[in-house]
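So the structure is just underneath, and the comments pick up after that.
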Amino acid sequence: MSHCRRVLIPVVVMATSLGGCRELPEAPRAIRLIDHFASAVIEGTVATELLPSRSEWTFGGDAERTLSWKKGLGIASLAVRDGRLAGKTSAEFSVIDLEPIPTWGDHDVLHSVAVRMTLGSSATLAVSFDGDEEVDFEKVAGQAKALPWSLRSPVVMGDDLRTYTLSGGRTVLGSSIRHILISPSDVVGTEFAIESVQLTFRKEHLAGIPTGVSWQGLDEIYHETIVSRAPQVITYELDLPPRPWLDLSVGTVEEAPVGFQVVVRGAGRDRIVFKRTVTTPHRWSSAMVDLAEFAGRRVEISMAVEAVAPGALGFWGAPVVRQEVDARKESLSNNREARPRNLIMIVVDTLRKDHLSTYGYDRETSPNLTVLAAQGALFEDSIAQATWTKASMPAILTSLYPDSHTVQEFDHRLPASATTLAEVFRDAGYATLSLTSILFVGQFTNLHQGFEQLHESGSLD
């Protein structure tokens with residue numbers, strides 16, 4: 001038997017419009033083209049090539065590629081020796097400012113940072129960025145103490161040069177980078193020597209990989225995405241449900257126009273059901289395409305990217321064939337009013353139970369939550385599974401204790417083997433969306449797992 005409840009606890013509010021405590025109705029059918037990508041036919045092969053990096057620097061040689069540097073905090077004896085920036089750490093938090101870095105002036109997202117160096121002891125390398133004209137090192141140190149840098153990597157002791165590639169941190173736009181900040185070691189008294197630093201941006205990275213499925217964001221709105229290149233055509237053979245429609249977003253990182261076209265072939269005819277040219281990069285353009293004339297038929301759906309320049313990138317964001325709910329038919333068949341199938345989960349970070357009027361506080365601080373509690377179920381004995389957001393949120397979304405979901409430190413990520421609430425609903429045919437204003441509840445912790453669309457804090461602008 002399935003049970004459904006409206007829940008209010010100090011950290012989580014779950015609101016559902018299903019009504020009562022009945023069985024969950026069967027969700028409308030959803031065909032996610034991303035899940036069927038392996039069986040799709042791709043026409044128009046485009047050669048992949050690694051674009052030359054815009055940002056690879058050394059400390060000697062080519063003047064255009066030579067980095068200027070400035071000693072920040074916790075560094076002693078910093079100098080260029082034999083083409084390497086060498087020094088020794090004098091504190092646990094050390095920072096070097098590499099500058100000036102030209103402002104890119106675009107919205108391309110940093111994909112990774114590669115640092116080639118040697119280190120006198122095993123430690124942790126960290127990298128961050130600053131967009132101010134001059135770096136305030138005391139401010140940087142205070143911020144790093146409160147919120148450690150998200151680009152981090154273990155470094156192996158030894159005299160041999162090694163390249164450490166750091167990725168998966170917070171979203172960094174090229175336009176926001178004026179200084180590269182490097183903390184070579186978190187161990188006092190460690191000698192280091194840095195030979196080169198390279199920044200790889202998303203467009204450079206994608207140019208060197210084949211067409212396929214990935215997780216892409218434009219202005220910090222992220223989608224499950226099929227990345228393809230002009231003039232490629234991706235074709236699926238599908239059985240459409242009753243009352244079908246195609247839900248998708250399109251976008252590009254190219255400055256030149258990129259065209260997107262969807263053609264449906266079935267019942268002896270071809271029809272262009274969607275055609276749009278994107279002229280503004282780094283922004284999603286959404287569409288809902290009616291496929292009713294092909295309802296219940298086996299069809300071919302072809303998605304094509306067109307551009308003047310071969311190889312131009314096109315993003316197909318979360319393309320899903322969904323089934324529209326027939327409210328009147330459902331009402332008659334169930335002999336009751338049709339019920340929406342939506343669930344909203346609201347998480348309020350660091351909300352004190354003892355200051356909510358819902359829980360007896362003498363001031364009227366939470367009238368709306370009180371109404372929600374009166375209409376649903378109020379839990380008066382609820383205990384968070386961790387004392388901070390980073391570890392508590394995975395517990396809420398997976399029903400696992402921190403020892404099981406393993407997210408306990410700042411840079412830990414939820415393992416892919418864990419099943420999230422979003423994945424359960426996604427697999428049941430629901431559309432899944434997450435909106436978050438804090439770093440720990442998004443892709444940095446892998447809590448986008450199971451969501452078709454994620455809005456990070458930057459999307460709020």
Side-chain angles (χ1 to χ4, degrees), residues 31-54 104-112 173-174 200-219 221-238 246-266 270-289 291 299-321 452-453:
I31 305 173
R32 292 179 173 80
L33 301 191
I34 281 176
D35 296 343
H36 293 263
F37 181 78
S39 62
V41 175
I42 302 175
E43 303 174 63
T45 302
V46 178
T48 58
E49 59 178 341
L50 187 63
L51 296 179
S53 174
R54 295 181 293 173
W104 303 119
D106 62 28
H107 281 68
D108 202 357
V109 174
L110 181 70
H111 175 261
S112 63
L173 301 180
T200 299
F201 288 84
R202 172 172 53 188
K203 190 173 179 179
E204 301 163 31
H205 167 69
L206 291 178
I209 64 175
T211 295
V213 174
S214 60
W215 180 254
Q216 298 295 331
L218 301 175
D219 269 349
I221 300 175
Y222 296 83
H223 281 289
E224 295 179 321
T225 303
I226 298 173
V227 179
S228 61
R229 297 170 175 77
Q232 288 181 326
V233 181
I234 304 173
T235 301
Y236 298 85
E237 191 170 345
L238 303 171
L246 177 62
D247 179 14
L248 80 162
S249 296
V250 294
T252 186
V253 294
E254 307 286 356
E255 297 298 326
V258 175
F260 296 83
Q261 178 174 287
V262 178
V263 175
V264 178
R265 301 179 183 89
D270 294 3
R271 190 165 82 81
I272 299 174
V273 296
F274 173 78
K275 190 176 181 68
R276 185 168 298 176
T277 300
V278 175
T279 57
T280 303
H282 308 289
R283 182 181 301 172
W284 291 109
S285 177
S286 301
M288 298 172 62
V289 182
L291 302 179
V299 301
E300 288 185 351
I301 295 181
S302 295
M303 307 189 309
V305 175
E306 303 168 339
V308 173
L313 290 163
F315 293 171
W316 300 93
V320 183
V321 175
E452 295 172 336
Q453 184 178 161

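Just so you know, these numbers come straight off a predicted model, no measurement behind them. Values below: all heavy atoms of this structure, side chains included; hydrogens, waters and symmetry mates excluded.
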Polar side-chain atom of [X] near backbone of [Y] as donor-acceptor pair, under 3.5 Å:
| X | Y | result |
| --- | --- | --- |
| R202 | G217 | yes |
| E254 | L313 | yes |
| W284 | I221 | yes |
| Y236 | H36 | no |

Taking the side chain as every heavy atom from C-beta outward, state whether [X] and [Y] have any pair of such atoms under 4.5 Å apart.
| X | Y | value |
| --- | --- | --- |
| V321 | I301 | yes |
| V262 | W316 | yes |
| S112 | H205 | no |
| Y222 | Q216 | no |
| V213 | D35 | no |
| L33 | L238 | yes |

Worked verdict on L291 versus V299 for side-chain contact (heavy atoms from CB on, under 4.5 Å): CA-CA 11 Å; L291 302 179; V299 301; over 6 Å; no
So which heavy atom on [X] is nearest to which on [Y], and how close?
| X | Y | value |
| --- | --- | --- |
| A230 | E306 | CB-C, 3.9 Å |
| V233 | A304 | CG2-CB, 3.8 Å |
| I42 | F37 | CD1-CZ, 3.6 Å |
| A318 | H223 | CB-ND1, 3.8 Å |
| P319 | L248 | CA-CB, 3.9 Å |
| E255 | P281 | OE1-CG, 3.8 Å |

Report the distance from atom [atom1] of [X] to atom [atom2] of [Y], rounding to the nearest 0.5 Å.
| X | Y | atom1 | atom2 | answer |
| --- | --- | --- | --- | --- |
| L206 | T225 | CG | OG1 | 10.0 Å |
| T235 | E300 | OG1 | CD | 6.0 Å |
| E204 | D108 | CD | CG | 7.0 Å |
| F315 | S214 | CZ | OG | 6.5 Å |
| E452 | R32 | CD | CZ | 4.0 Å |
| R283 | T252 | CZ | OG1 | 13.0 Å |

Name the atoms and distances for all side-chain donor-acceptor pairs under 3.5 Å in residues 270-277, with sequence neighbours left out.
residue : atom : partner : partner atom : Å
R271    : NE   : E293    : OE2          : 2.4
R271    : NH2  : E293    : OE2          : 2.8
K275    : NZ   : Q261    : OE1          : 2.8
R276    : NH1  : S285    : OG           : 2.7
R276    : NH1  : S286    : O            : 2.9

Residue list, side-chain contact (heavy atoms from CB on, under 4.5 Å) with D219, at least two apart or on another chain: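 Checked D219 against side-chain contact (heavy atoms from CB on, under 4.5 Å); matches are H107.
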List the steps, then state whether side-chain contact (heavy atoms from CB on, under 4.5 Å) holds for M303 with I226. CA-CA 10 Å; M303 307 189 309; I226 298 173; 4.1 Å; yes
May I have the step-by-step check of side-chain contact (heavy atoms from CB on, under 4.5 Å) for L173 and V109, ending in yes or no? CA-CA 5 Å; L173 301 180; V109 174; 3.9 Å; yes
